[in-house]
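Data first, discussion second: the structure below is written as structure tokens.
Small disclaimer: the values here were computed from a predicted structure and weren't measured.
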Amino acid sequence: MALDPYRRLLKIPGVPTLLLVGLLARMPATAVGMALTLHVAEVMGLGYGPAGLISMASTIGMAVGSPLSGRFVDKHGLRPVLTVTTVAQAAFWASAWAMPFPVLLVAAVLAGLLALPVFSVTRQCLAAMVPVEQRRSGFALDSMLVEMSYMVGPALAVAGITAFGSGVTLTAIGVGLTLAGVGLILLNPPVRSVEELKAETVKVSRRQWLTPAFVALLGTAAAATFVLTATELSLVATMNEAGQTVWVGLAVAIWCVFSLIGGFVYGGLSRGFSPLALIAGMGLLTIPVALVGGGWHWLVLALLPAGLLCAPALSSTVDALSRWVPSAARGEAMGFHGTALLIGGAASAPIAGAVIDGAGPEWAFVLAGVVGVAMVVVALPFWRRRPGAGSGRSLEQEVAELAEREPVEPVRGMDEPVERGERVGTVESPRE
């Protein structure tokens with residue numbers, strides 16, 4: 001594996017800054033779930049049932065809001081969306097610690113709906129700034145940075161509430177999210193490349209890109225987070241059952257390092273692999289972990305093969321999406337991708353938990369792997385009808401053919417200046 005792909009990637013103007021700001025912006029975002037859970041369960045003393053309701057409310061809000069914010073970015077540009085969501089987050093987190101539970105439950109839905117779209121925006125801007133042939137390396141590196149943020153964010157939330165209480169910690173998260181929003185507003189990375197801005201873009205309705213193949217891609221992305229969430233719960237439950245709880249943090253950290261190594265290697269390869277192959281492989285390699293006995297170190301070692309595929313699997317779904325969807329709809333598509341990841345994780349937790357309680361943690365490893373493989377099998381027939389499959393045509397060629405059949409109508413609304421004579425298209429479609 002050569003380092004040259006990463007050297008060339010980091011030489012692209014603006015990319016290192018975008019990745020750094022994205023990393024710093026994601027850390028407070030990854031602390032949100034843990035902070036709210038501990039605040040409700042421990043500080044408010046309501047237990048983990050109500051805490052789960054708060055987490056569910058926030059997740060529902062984010063699942064609905066992610067594609068909506070992406071659509072507004074496509075139509076109106078980045079800065080207006082970031083301004084609204086930054087203000088919303090500052091208001092929620094400045095007062096969340098003082099809200100009674102019923103008010104907090106409603107506010108969590110609204111805060112999720114207006115969540116700062118740091119994950120989808122970073123990926124959307126990366127797709128705009130990086131040439132197609134380098135996107136696999138770009139998204140692999142971005143996936144590694146996401147892994148790092150999840151290693152740091154929740155741990156800081158636990159440490160903050162333990163040491164300083166929830167009032168200080170929730171306010172600090174609000175400050176972090178506000179600074180992240182302001183940083184992205186000032187940076188204002190492009191959501192479309194110069195070529196995409198200069199080109200006349202055909203009006204594209206959702207039905208022309210929200211195809212069965214695209215839904216299949218979202219399903220495999222959801223399956224990936226289902227596998228990861230179920231695996232994490234199974235790992236923790238297995239170690240708790242064996243009386244090795246003290247080593248859980250280290251075990252999860254090592255598992256994350258496996259993902260980082262896999263993402264680094266994958267981004268440096270000369271060619272990529274299908275998301276279906278990577279997710280199916282991750283599922284298949286998770287099933288045998290159920291057979292491992294002995295100390296926790298053997299369990300972690302057994303997770304190595306599947307762990308190496310975590311970051312490559314997730315980054316490959318983003319890479320495929322960026323190639324399939326026209327630039328005028330990329331923000332909304334990235335939002336749907338984020339929703340799929342949320343749904344996969346949210347569905348996995350109660351299902352895997354029920355299996356752990358009923359049959360034992362080893363069977364949850366089996367469940368995780370089987371669901372991953374099953375989703376790939378379901379997606380395969382639709383995958384064969386993905387854009388350009390079997391036709392030898394690229395997405396750009398298919399969109400060009402579409403432009404010959406439908407009128408081109410320029411639409412204003414981007415927040416970046418456009419030189420005279422240039423016209424910018426965007427997505428226009430009726431509400432579904």
Inset, instruction - Over 60° means perpendicular and under 30° means parallel, so classify the ring planes of F264 and Y6, tilted if in between. - result: parallel

Inset, instruction - Report yes or no: does Q89 contribute a side-chain atom to a donor-acceptor pair with the main-chain N or O of A111 at less than 3.5 Å? - result: yes

Legend entry - Sub-4.5 Å side-chain heavy-atom contact between L114 and L110: no

Inset, instruction - Measure from the side-chain N and O atoms of T59 to the backbone N and O of S55, and report whether any donor-acceptor pair falls under 3.5 Å. - result: yes

Legend entry - Ring centers of F214, W209 separated by less than 6.0 Å: yes

Inset, instruction - Grab the two heavy atoms, one from L260 and one from M144, that are nearest each other, plus how far apart they are. - result: CD2-O, 3.1 Å

Inset, instruction - Kindly indicate whether the side chain of F382, heavy atoms from C-beta on, has any atom under 4.5 Å from the side chain of L217. - result: no

Inset, instruction - Taking the side chain as every heavy atom from C-beta outward, state whether P117 and V73 have any pair of such atoms under 4.5 Å apart. - result: no

Inset, instruction - Report yes if the side chains of R192 and P190 come closer than 4.5 Å at any heavy-atom pair, otherwise no. - result: no

Legend entry - Side-chain donor or acceptor of T85 paired with backbone N/O of V81 under 3.5 Å: yes

Legend entry - Side-chain donor/acceptor of R71 to backbone N/O of E332, under 3.5 Å: no

Legend entry - Main-chain N/O of A91 paired to S95 side chain as donor or acceptor, under 3.5 Å: yes

Inset, instruction - Ignoring hydrogens and angles, tell me if any N or O in the side chain of T286 forms a donor-acceptor pair with the backbone of G369 under 3.5 Å. - result: no

Inset, instruction - Could you tell me whether the side chain of V43 reaches within less than 4.5 Å of the side chain of L38, counting heavy atoms only? - result: no

Legend entry - Validation row: L126, L141 side chains within 4.5 angstrom (heavy atoms): no

Inset, instruction - Could you check if a side-chain atom of C310 sits within less than 4.5 angstrom of a side-chain atom of M282, using non-hydrogen atoms only? - result: yes

Legend entry - Flag, side chain of S149 to backbone of R26, donor-acceptor distance under 3.5 Å: no

Inset, instruction - Might you work through the salt bridge (charged side-chain N to carboxylate O under 4.0 Å, His left out) test for D142 and R135, ending with a clear yes or no? - result: CA-CA 10 Å; D142 179 68; R135 283 182 188 168; over 6 Å; no

Inset, instruction - Measure from NZ or CZ of R271 to the centre of the six-membered ring of F273 and say whether it is under 6.0 Å with the direction within 45° of the ring axis. - result: yes

Inset, instruction - Would you kindly check if the NZ (Lys) or CZ (Arg) of R136 is within the cone defined by 45 degrees around the ring axis of Y266 and under 6.0 Å from the six-membered ring centre? - result: yes

Inset, instruction - Determine whether the side chains of H337 and S120 contain a donor N or O and an acceptor N or O closer than 3.5 Å. - result: no

Legend entry - T171 side chain near W93 side chain, heavy-atom distance below 4.5 Å: no

Legend entry - Nearest non-hydrogen partners of P189 and L184, listed with the distance: CD-O, 3.8 Å

Legend entry - Nearest atoms (heavy-atom pairs only) where G14 meets M129: C-CE, 3.2 Å

Inset, instruction - Please answer whether the main-chain N or O of S348 pairs with a side-chain N or O of T229 as donor and acceptor at a distance below 3.5 Å. - result: no

Inset, instruction - Could you tell me whether R330 and D74 have a side-chain N and a carboxylate O separated by less than 4.0 Å? - result: no

Inset, instruction - Please check if any side-chain donor atom of Y48 sits under 3.5 Å from a side-chain acceptor atom of E42, or the reverse. - result: yes

Legend entry - Test item: S66 side-chain N/O and G335 main-chain N/O as donor-acceptor pair under 3.5 Å: yes

Inset, instruction - Please report the closest heavy-atom contact between T30 and G153, naming both atoms and the distance. - result: OG1-CA, 3.3 Å

Legend entry - Heavy-atom neighbours of F101 CZ exceed 12 at 6.0 Å: yes

Legend entry - Exam field: side chain S143 to backbone F139, donor-acceptor pair closer than 3.5 Å: no

